[in-house]
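Remarks on the structure that follows.
Residue numbers start at 1 and run along the sequence shown. Indexing begins at 1, ligand by ligand and atom by atom, following the structure's order.
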Amino acid sequence: MSIKITPSTHPVSAAERVEKLANPGFGKYYTDHMVVAQWTENDGWGQAELKAYAPISLDPAAMVFHYGQEIFEGLKAYRQPDGGIALFRPEANAARFARSARRLALPELPVESFLDSIYALVKQDASWVPDKVGESLYLRPFMFANEVGLGVRPANRALYMLIATPAGAYFNPANAVTVWISTEYVRAAQGGTGEAKCGGNYAASLVAQKAAAKQGCDQVVWIDAKERKWVEEMGGMNLFFVKGSGSNATVITPKLTGTLLPGITRDSILSVAADLGYTVEETMISIDDWRDGVASGEITEIFACGTAAVVSPVGTAKSSMGTWVTGDGTPGVITMQIRNTLLGIQHGTIADTHHWMKKVL
Ligand SMILES: *Cc1c(COP(=O)(O)O)cnc(C)c1O
């Protein structure tokens, strides 16, 4: 896919950009450009275009509004010590985007085209990549059905888009996340869309998020749909449990059963934890294991992980079965070690032995 580049005629001024980057938040500001490519059943992928960031116009009968045929991705570009910019494992996001597309009956965007669009936008909007450790440029590729019609079937037109937003370092080490273990709602069942990164999964999760907030919790923890006992993930992040401490610690994450989203951060942490000398395990973890492990002191740390926040410590878990507190509300030693190692690799200050970083500039 070649990309036609039409630079914006009205980019944000340097002064305004610097001001926005001083306090980027997350999803608050968008860069000067975006990438758009149209697919049709008859002609396949058309010419991709990089152009000024702007609202788009859609027919009210565009299928995405009615049947939710939509997928997305999330990945980051990090400033490097030499002033350059590198992406973290972008081909893993490209491959997952293609798998999500298959599940949602959307066209597959070839991995090369996905990567071309990412590299083109990061190069064009390089001045939007923040400098500080923990900050990054978050890239949001997405695709949706834009065929006009109300018949229920896979759309014969789809639009791929890529936008970017600077992301601040919003990690607060004093604040462990409090979670609500949802026994009322489920996120995903075997055969469903749990493994796909689609907007519909999130739409269906919001009422549970609201229930969690009502309980004074920050996030929902999902358990499996069938037995209602196996821990799956937290909101839009995967979960890790640390058993024991020091060099004898074991770092454990729920096994991918087909209903969990296979996180790229999750996969990377399995490698990083092993590199740091810990025993790593992908296994089934029940709510009883959580409660008993916390009570006995065997579970010493819990954290969640994902591209947006990288690693977030989890403290208190509340559910209809009771409240269990891990640690003293501050991040555990191993949680912080894993977080700092991963961030160090991403920012180019720790050796990238797995060749995860892809240089853009
Ligand atoms: C995106 C996502 C994750 C984390 O995946 P990363 O590739 O690590 O960002 C975890 N769970 C859900 C439900 C997600 O959508």
Can you establish whether the number of heavy atoms outside K255 located under 6.0 Å from its atom NZ is more than 12?
no

Distance check, rounded to the nearest 0.5 Å: T265 atom OG1 versus M237 atom CE?
7.5 Å

Set of residues that line ligand 1, where lining means a heavy atom lies under 4.0 Å from it:
R96, R187, K197, Y202, E233, G235, G236, M237, N238, L261, G263, I264, T265, G306, T307

Exactly one of W45, F142, F144 clears side-chain contact (heavy atoms from CB on, under 4.5 Å) with Y160, and that residue is W45

Does the plane of the ring in Y78 sit parallel, tilted or perpendicular to the ring in F88? Use 30° and 60° as the thresholds.
perpendicular

Between the side chains of E232 and R187, is the shortest nitrogen-to-carboxylate-oxygen separation below 4.0 Å, so that they form an ion pair?
no

Is there a side-chain hydrogen bond (donor to acceptor under 3.5 Å, both in side chains) between D328 and T330? Walk through the geometry before answering.
CA-CA 6 Å; D328 60 2; T330 60; 2.5 Å; yes

